[in-house]
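What follows is a single structure, written as structure tokens, with notes after it.
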Amino acid sequence: MCADVSRIELAPGYSISHVILGLWQLSGGHGPVDEEKVFEDLRRMVGAGLTTFDCADIYTGVEELIGRFLKRYRPQSLSGELPEIQIHTKYVPDLEALPTLSREYTEAVVDRSLRRLDVECLDLVQFHWWDFDIPGHVEAVSHLVEAQEAGKIRHLAVTNYDAKHLLEILQAGVRIVSNQVQYSVLDRRPEGYLVELAQEYGFQLLCYGTVAGGFLSDRYLGKEAPQEPLENRSLTKYRLIIEEFGGWDLFQDLLHKLSGIADQHGVGIAETAIRHIMQKQAVAGVIVGARSGAHLERLMQLYGFELDERDSAEIDEVLSRAQGPVGPVFGLERNRTGEHGRIMKHDLNRVRSE
Ligand SMILES: NC(=O)c1ccc[n+]([C@@H]2O[C@H](COP(=O)([O-])OP(=O)(O)OC[C@H]3O[C@@H](n4cnc5c(N)ncnc54)[C@H](OP(=O)(O)O)[C@@H]3O)[C@@H](O)[C@H]2O)c1
């Protein structure tokens, strides 16, 4: 019997589900959102123990949607019929706001998240900075610390931070509990210095991209590379990662390898790929895009098996042939003139227009 992986303590007294529901997929661009259906799916997933949600100030309409969900299900949480829910949001100031980012701007975004989610305190705020050539990211975090001291934020975190810049925040004495990064069997950029830093300073990794938008699943096994335009932005993003990895043929080798391992454990490729990351050092949680509850039963299988050394060695054999992606986490994406950076939207906050 394997260890209980259903929950993990992210900070003293603060526990989250090891599998986190990613809600970017509800912000448009991934098909229509039927609110009643979403609420029913979320209720079912929370009831099954997936109690932690990942959203952001820049995921259009999602904080408000979760606010309405919490209002409806709060009575059931309070009565113990549903477990308590943890909401992780983000603070992603617009690129053009960075040179003049003020305490007031930061406060306005935090207050807006509180209003939208209809809560008195944000469980976890993950800070993102688009361009480290623009000074000011440590100062911006100090404004979040002030909001934390004012009781508006429970835990501070970052997202897409490479080790070098995260160290600047840590050396300023800020307690960061997690760094949300892309980490998958295709993208191992967090390995090395960032993991070492996590171990030294006691923060943990929350990982997105573990199924590469669905590419890392049985759906793509033995298939030709899909033609543009792809079905959604997530697939567009991870198609580029597959190219960095080494291209479609090597990706197919990986899928075949994962499929063989998955068969031995009686699961699918997606669960094998997610489990591979769950077992990595410094990883506290995997954030899986939850457009609906369609994958719930398969996600629950993650709690019932473990990959062993032989499985890892088989995966490593394919990975030894991979070319990339290389560089620090989010390094390719941060370059606005490159193909990864060009598909990013840098102006979704628009705090002044609300
Ligand atoms: N910090 C950041 O910069 C950042 C960036 C990206 C994402 N995120 C966070 O991470 C979350 C996940 O986003 P992502 O881009 O990484 O997507 P992902 O989790 O890699 O992919 C999600 C998609 O994979 C498919 N899927 C999920 N479970 C599956 C399973 N068991 N079997 C087969 N297919 C499965 C689903 O597609 P179908 O619905 O089509 O079946 C789902 O919509 C987001 O919602 C967001 O919260 C953060």
Side-chain angles (χ1 to χ4, degrees), residues 16-17 19-79 81-90 92 112-119 122-123 126 180 208-220 226 229-239 268 270-271 274 285-302 343 345 348-350 353-354:
I16 61 168
S17 55
V19 176
I20 298 169
L21 300 176
L23 303 184
W24 173 53
Q25 277 72 6
L26 298 177
S27 66
H30 290 80
V33 175
D34 172 345
E35 188 156 310
E36 283 306 314
K37 170 83 170 54
V38 168
F39 283 7
E40 189 38 47
D41 284 343
L42 288 179
R43 196 202 172 287
R44 211 156 50 85
M45 292 192 276
V46 170
L50 308 184
T51 65
T52 309
F53 298 175
D54 184 70
C55 64
D57 53 346
I58 59 164
Y59 295 174
T60 309
V62 175
E63 286 186 327
E64 294 93 324
L65 181 96
I66 296 309
R68 293 192 291 277
F69 174 78
L70 289 179
K71 196 170 197 161
R72 175 145 355 151
Y73 288 103
R74 202 166 273 136
Q76 290 180 28
S77 278
L78 290 173
S79 71
E81 197 184 326
L82 267 191
E84 219 177 294
I85 296 167
Q86 302 77 44
I87 313 289
H88 295 179
T89 193
K90 304 190 187 79
V92 186
R112 189 182 60 185
S113 291
L114 287 168
R115 243 183 354 262
R116 286 171 169 178
L117 288 165
D118 192 19
V119 293
L122 302 171
D123 289 326
Q126 301 161 106
Q180 183 181 136
Y208 65 86
T210 54
V211 290
F215 274 126
L216 284 164
S217 72
D218 294 285
R219 206 183 293 167
Y220 287 92
L230 301 180
E231 203 186 311
N232 58 56
R233 283 190 58 215
S234 198
L235 292 173
T236 304
K237 188 161 91 102
Y238 294 114
R239 182 72 185 87
E271 294 69 59
I274 298 170
V286 287
I287 308 163
V288 184
R291 191 157 64 112
S292 71
H295 300 293
L296 175 61
E297 280 69 32
R298 279 187 292 276
L299 287 174
M300 296 312 287
Q301 293 179 337
L302 289 168
I343 61 170
K345 295 184 179 171
L348 291 175
N349 212 302
R350 292 187 292 258
S353 66
E354 278 190 29

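Since this is a predicted model, take the numbers as computed values, not measurements.
Residue Met45 holds its CE atom at 11.0 Å from CD1 of Ile85, rounded to the nearest 0.5 Å. Here OG1 of Thr89 is found 8.0 Å from CZ of Arg116. Values are rounded to the nearest 0.5 Å. Remark: His88 NE2 to Leu23 CG distance equals 11.5 Å, nearest 0.5 Å. In this structure, OH on Tyr208 lies 4.5 Å from NZ on Lys237, to the nearest 0.5 angstrom. In this structure, the separation between CG on Leu70 and OG on Ser77 is 8.0 Å, given to the nearest 0.5 Å. Note: Glu64 CD to Ser113 OG = 9.0 Å, rounded to the nearest 0.5 Å.
Between Ile87 and Asp123, the shortest heavy-atom distance links the atoms N-OD2, 2.9 Å. Contact between Glu63 and Ala56 at its shortest, heavy atoms only, is CG-O, 3.7 Å. Minimum interatomic distance between Gly268 and Asp218 (heavy atoms only, all atoms of both residues): CA-OD2, 3.5 Å. The two atoms that bring Pro83 and Gly47 nearest to each other are CD-CA, 4.5 Å, heavy atoms only. When all heavy atoms of Leu230 and Leu235 are compared, the closest pair comes out as CD1-O, 3.5 Å. Nearest heavy atoms, Leu21 versus Ile287: C-CG2, 4.4 Å.
The salt bridge (charged side-chain N to carboxylate O under 4.0 Å, His left out) check on Glu40 picks up nothing, with sequence neighbours excluded. Residues forming a side chain to side chain donor-acceptor pair (under 3.5 Å) with Lys71 (at least two apart in sequence, or on another chain): none. Listed by chain and number, the residues in a salt bridge (charged side-chain N to carboxylate O under 4.0 Å, His left out) with Arg72 are Glu36 (sequence neighbours excluded). In terms of the salt bridge (charged side-chain N to carboxylate O under 4.0 Å, His left out) criterion, Asp57 has no residue partners (sequence neighbours excluded). With sequence neighbours excluded, the residues that form a side chain to side chain donor-acceptor pair (under 3.5 Å) with Asp41 are Lys37. Arg233 is linked by a side chain to side chain donor-acceptor pair (under 3.5 Å) to nothing, counting only residues two or more places apart in sequence or in another chain. Under the rule for a side-chain contact (heavy atoms from CB on, under 4.5 Å), the partners of Ala212 that lie at least two apart in sequence or sit in another chain are Leu186, Phe215, Leu216, Tyr238. With sequence neighbours excluded, no residue satisfies salt bridge (charged side-chain N to carboxylate O under 4.0 Å, His left out) with Glu271. Not counting sequence neighbours, Thr210 has no partner by the side chain to side chain donor-acceptor pair (under 3.5 Å) test. With sequence neighbours excluded, the residues forming a ring pair (Phe, Tyr, Trp, His ring centres under 6.0 Å) with Tyr73 are Phe69, listed by chain and number.
In this structure the side chain of Asn349 reaches within 4.5 angstrom of the side chain of Arg112, judged on heavy atoms. Residues Ser217 and Val211 form no side-chain contact, since every pair of their non-hydrogen atoms from C-beta on lies 4.5 Å or further apart. Contact check for Ile66 versus Tyr59: no side-chain heavy atoms found under the 4.5 Å cut-off. In this structure the side chain of Leu122 reaches within 4.5 angstrom of the side chain of Leu117, judged on heavy atoms.
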Could you tabulate the donor-acceptor pairs under 3.5 Å formed by side-chain atoms of residues 289-300, not counting sequence neighbours?
residue: Arg291; atom: NH1; partner: His30; partner atom: O; Å: 3.2
residue: Ser292; atom: OG; partner: Ala294; partner atom: N; Å: 3.0
residue: His295; atom: ND1; partner: Arg298; partner atom: NH2; Å: 2.8

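Gln86 places no side-chain N or O within donor-acceptor distance of the main-chain N or O of Phe53, the cut-off being under 3.5 Å. Side-chain N or O atoms of Ser17 include one that pairs as donor or acceptor with a backbone N or O of Thr52 at under 3.5 Å.
Shown here is Glu84, whose CD atom has no more than 12 heavy atoms of other residues, nucleotides or ligands within 6.0 Å.
Among residue pairs with one or both ends in residues 23-32, none qualify as salt bridge (charged side-chain N to carboxylate O under 4.0 Å, His left out); sequence neighbours excluded.
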